[in-house]
Every structure is written in C-alpha cells, then in structure tokens.
Amino acid sequence: MDKEEVIKILKEISVLLELKDENPFKIRAYQNSARSLEASDIDFGRDLKIDDLTKIKGIGQHIAESIKELVDTGSLKFYEDLKKTVPPGLVEMLAIPTMGPKKIKYLFDNLQVSNTGELEYACIENRLVDLPNFGKKTQENILKGIEVLKKYKGRYLFANIIEEAEVIHNKIQNFQYVNRSSLAGSVRRKKEIVKDIDIVASTDNPDKVMDFFTGLSEAEDIIARGDTKSSIRLKSGINVDIRSVDDFQYPYALHHFTGSKEHNTAMRTAAKKDSIKMNEYGLFKNGSLIKCSDEAGIFNFFSMDWIPPELRENYGEIEAAKNKTLPKLIEEKDIKGMFHIHTTHSDGNISIEQTCNYLQKMGLQYAGISEHSRTASYAGGLKNDDINRYLEEIDKLNQKCTSFKIFKGIESDILLDGNLDYSDYILSKFDFIIAAIHSGFNLSKEQMTDRIIKAIENKFTTMLAHPTGRLLLARDPYRVDIIRIINAAAENDVDIELNSSPFRLDLDWRMCKYAKEKGVKIFINPDAHSLKNLDDYKFGVNIARKGWLEKEDVPNTLSAKEIEIYLKNKKNKKTK
DNA sequence: GCCGTTTTCGGCCCGACTGTTTTCAGTCG
C-alpha cells in the first residue's frame, strides 16, 4: 500500500472515530498523523521501519505500528473492525452543510436515521423539531443543506477530472484507426466545473473506434454504444462521450462539440445572415460544403481571428474576433512569481525555504509569503508576538539567497466592522497585505459589501483575497455586490486576487473581464498550504484566460525587480 | 493517541456564529 492510501485511511479513521464520539484528542491524533505523513518525505519503498515513522512529529508508537501493518499487509484490523460499527450512510451525511458528527450520531441513536434519504424524510415529517438542542430552524437548515448537496451531484471540479480526461484522450489519439482527435466541450473550454468529458475523433473506421472506446479499462459501465457516438461511465461517476466523424468533417465537429451552446448559437446566427448553414458536419452554401482544413479555417471564412476555446462563451468574443481585437491571453509561462502562500508559520505544511526552493526550480523569481493573521487562530494565525520572528526569518533567507526574492506579507482578516485585525504599526511592517473574509459569512448583501469596501479603503490593503468566499460544489458565495467591490478596488488602487485553488477559482472569470475594463489588476495566487498547491496556479491561469486577461493585467507576470517597485510604489503612494 | 517531562501523567487551539437555550451545544474554518 502506498503513502497516499495510508494517509486516506488515517483520515477516514479520524472521521469514523468522530462519528463514534470518541475522545476528541484521539481523533486529532489521527488527523495530525495523516497531515505529518503528507508533509514528510519518508520513503514507503521497501523495508519501512517503525523507528523511522516515530521520528516524524505527530506519529507515535501506536499509529506507526498501524501504518506498518497497512504497508506490509495491505489492510488494518482496527480499521476494518471500526468500519463495521459505523453505517456508511453516516459518513456520507457529513457532506451535508450544518451536519457534523454530533448531530449525525444523535439522530442515529435516537431516530435510527442512517443515511441522507432517511434524514430528509425525518425532516419532512417534522421529527427533529422537538429533540433537545434541535428546533425548527435547525431542521430547515438541514433540509436546505440536503438540497445543496443534491444540486451539486453529477458535477465535477475541472481539477479532479482533467488528468483522467487526458489519459483517456491520449489512448484514443494513439489508437491506430484515429486520424485526428481532441478533448472538446467544457473541458476544452477549461470550465471550472464540468458535467462530462467530450472527445471528438476522426476516423475511416468508426466501428473499430467505438469498440476500442467502450472496451477501455477505465470504463466502469457502458452507457451507450452507437455507430458514431458512444458513452461510458468512469469509476469517479463522470461520463465520457465520444463522437466520431469523417476526417473532412473534423474541424466543424470539433468546433460544434467544443461549444458553448451560446457561442454556437451566436455563430450560427451570424452565418445565417450570410445565407450559410452551419452544423457539426460543415459550413454549407446552397447545399454545398465550404472546405475548411482546421478550426482556424472556419473562423477565417467569416473574416474572424481564431477564437481560443476558453473564450467561446458568447461574452463578446465573436465581435472581437471580427474586429481583430481579441486579447492576447496570458499563458503559464508568463507567471514570474507567486503570492498568497502559507507556510509552517501558520497552517501550511511547508517551510518558507522549501517553498522558495520549489518555486525557484519551477523557474520563478519570487514568492510572497502571507500567513494567516491573529483572528484566524484556528489556522495558527500570527499573534503580535510572532510577527518579528516571522519577518526575521524572511530577512535572513533574502540575505542568504540573492537570486530569489521573498516578499513579506500577511493575510489579514477583515473583521465584522470592516477593520483589519492588526494595528497600522504592525501592518506597516509588511511588503503587502492581503485582506480576507474568513468568518461572518451571513451578513446581508449590503452589510457584507460595505464591510469589504471598508477593508479596500484601508490604506495598507494591497489586494483582496477570494472576493466571494465560494467553495465550488460545496458552498455558495456569500451575498456581496461584486460590481461595487470591483469599483471600490479601482478607486482605491487595490488589486484583486484570482484564487487558483481548484475549489475556489475566485474571482470568477465572468467578473475578470469587468475588473480588467475598470483597470483593476488581478493577482493569480495559489493560496498554497503545501508544495502540491503551488502547481494550482495553472488552474488560475485557465480561469484568467477565460476572463480575457492578458499578461499586462496580472502583476505577478512582472520580474522580481519590477514587482518590488510595484509594491513599494503602491504602499508609498497610499500611506504617505 | 501523541508529546514532553517538574517522565508514566496531564494537556492537547479556539473564536465566531447559529440556534438552542437561559448558559450551552454544535459547526465551521
């Protein structure tokens, strides 16, 4: 058994123990051990020693033995026995917002509610209202939570499916009877959430391609098997659809199945004005095909520049392509450094030095470290007394290494009244300040907007973090007037982050274009808590591209020297 | 269950928020 699986099981044990209302410190011990293991570089190869495991802080004798048992035998008796005592439906219920282990256990013990369906029914029957510590409001909130869960079912985070999508597409691409092929649909458009994976392939032998596709080892289930169109379901639950066409039809089919529906409709409407019929099989004038050898040929026929798939959302791209005013979209290689990184000073699991080494290896020039602030005590936020030690470490590292620059930052919580949670004196010590909401999500839209604008007006604020607080497929954005926020950012020379965590991708791409028009700069930030998170900037770049952003709109495409001046100027201008 | 030590026990992060209460329980981050 490999390290990832062991970590997963340790986490699962902690969840099961929670549902059994075990000693909270024992539960935390399992959580901590999983986390320590994630952070450590211990080799699970051959000859894993218990002594090596117990050297890791957070792993003691007992858990070390459990890990050893898992690695050596592939299973753990304690875990297997534990699983038998907790119905799987209880674990599933943890996904419902407002439902935690205590409520789940109480309802199981007293109402024999053992899964989400039974819970929903019990709520509808009003069986929760009279239980101690429950009531009308609690019951309503549970029902609402179940609704949210249902709403998001069958939708997947781009980041969670892209690797699998590419693996399957590569197999298709390399299949001997396939000429040209591509991922299409929302995956090709780099949408943050997708419902399925679309593939378009050209072939002289569709039958062979359909057989090959439905016979893929990744196929958990065959949903449909037709002459030119088939569909399979993967283990993750997501469907993959394939469409095969003749090679001369490939450009039209690729365009058609890339979409979006809105983009296609607008394209067809424009075509119809010129008496052209447009569908997945071609462009037709008076019934005869207008030949295009690739997608660019189609756009060219309409005197348009080729539109990158990310822009095909009918957000003005067709007009811009006609006017030759499409943006030159930002690319991954344009990124020169990263901000919004957490390290072991707060809740990250990497040291500042590790982070910088990693980024330097990626070819980047600088890092902006930003720990949580004192209000975020759950995340080990820095108390006033911690700050000098943190800043001194960065100074030392900067002295030691002159080829890589570290900027000193803090992710300062925006309090309920809109103030940041440090004094001006402390805030002035940093190179940059990221203002962020981490609590008090339930204000009215006006209160929340006013609160954030007050933080934007703070002379020390450099940029606003994750402006809507959404967690994709899990938590709706808080109520906030994002237009007013962007306007306030423009007026106060405050930048906005595009948080690149695949769970956030916040600022939303639909708003990036507006921010750009207002002259607001957008930082592409990983919000990293581990080395792996640092790679998430790629998802941010995808979304920035969807939001029409160019290199010039993103400050962290500047060189180390340039960004140093950029930050200094901003600070001096605002705090003078 | 882990850790550290005044070493075989005692402490382990906690504040905001909601909804339930009338001082507290549970969730969230």
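Naming convention: chains lettered A, B, ... in sequence-line order (proteins, then strands); numbering from 1 in each chain.
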Give a yes/no answer on whether the side chain of His438(A) brings an N or O atom under 4.0 Å of OP1 or OP2 in dG29(B). no
Stepwise salt bridge (charged side-chain N to carboxylate O under 4.0 Å, His left out) test for Lys49(A) and Asp51(A): CA-CA 5 Å; Lys49(A) 297 237 166 48; Asp51(A) 278 355; over 6 Å; no
Measuring only the C1' atom in each nucleotide, how far is dC12(B) from dG19(B)? A whole number of Å is fine. 28 Å
Quick note, Lys103(A) side chain, CB onward, closest among dC17(B), dT27(B), dG1(B) is dT27(B)
Could you tell me how far dT23(B) sits from dC13(B) if I compare only their P atoms? Round to whole Å. 30 Å
Could you state the CG-C1' distance from Asp347(A) to dC28(B), rounded to the nearest angstrom? 14 Å
Below the 4.0 Å mark, does dT18(B) have OP1 or OP2 next to a side-chain nitrogen or oxygen of Asn442(A)? yes
Per the side-chain hydrogen bond (donor to acceptor under 3.5 Å, both in side chains) rule, which among Lys459(A), Lys574(A), Lys570(A) passes with Asp493(A)? Lys570(A)
Ring pair (Phe, Tyr, Trp, His ring centres under 6.0 Å) against Phe407(A), all qualifying residues, sequence neighbours excluded: Phe339(A), Tyr366(A)
Using a strict heavy-atom distance below 4.0 Å, which residues from residues 50-57 of chain A are in contact with DNA chain B? Ile56(A), Lys57(A)
Within the sub-3.5 Å range, which N or O atoms of nucleotides 5-10 of chain B have a protein N or O partner, and how far apart are they?
none

Could you tell me whether Pro101(A) contacts a base, only the sugar-phosphate backbone, or nothing, with contacts defined as non-hydrogen atoms closer than 4.0 Å? sugar-phosphate
What's the CZ-P distance between Phe441(A) and dG15(B), to the nearest Å? 18 Å
Mate of dT8(B) where both pairing distances stay under 3.5 Å, Watson-Crick or G-U: none
Considering only heavy side-chain atoms of Lys102(A), the closest of dT20(B), dG26(B), dC2(B) is dG26(B)
For nucleotides dT22(B) and dC28(B), find the distance between their C1' atoms and express it as a whole number of Å. 24 Å
Determine, for Glu353(A) against Lys396(A), whether the closest basic-nitrogen to carboxylate-oxygen distance falls under 4.0 angstrom. no
Would you indicate which nucleotide in dC12(B), dT20(B), dC13(B) comes nearest to any side-chain atom of Phe25(A)? dC12(B)
Run the salt-bridge test on Asp417(A) and Lys454(A) with the 4.0 Å N-O cut-off and return the result as yes or no. no
If you look at every heavy atom in Ser370(A) and His340(A), which pair is closest and at what distance? OG-CA, 3.1 Å
Answer yes or no: is there a side-chain heavy-atom contact under 4.5 Å between Thr468(A) and Arg504(A)? no
Start at the 5' end of DNA chain B and walk down; is the nucleotide closest to Lys137(A) or to Phe78(A) reached first? Phe78(A)
Work out how far the P atom of dT21(B) is from that of dT27(B), and round it to whole angstrom. 15 Å
Grab the two heavy atoms, one from Phe539(A) and one from Ala159(A), that are nearest each other, plus how far apart they are. CZ-CB, 3.5 Å
Tell me: CD of Gln31(A) to C1' of dG1(B), nearest whole Å? 12 Å
Atom of Leu53(A), atom of Lys68(A) and distance for their closest heavy-atom approach: CD1-N, 4.4 Å
Any side-chain to backbone donor/acceptor pair from Asp413(A) onto Leu415(A)? Under 3.5 Å, distance only. no
Quiz item: Asn133(A) side-chain donor-acceptor pair to dG19(B) base, under 3.5 Å: no
Below 4.0 angstrom from OP1 or OP2 of dG15(B), is there any side-chain N or O of Thr375(A)? no
Between Thr98(A) and Gly440(A), which is nearer to the 5' end of DNA chain B once each is assigned its nearest nucleotide? Gly440(A)
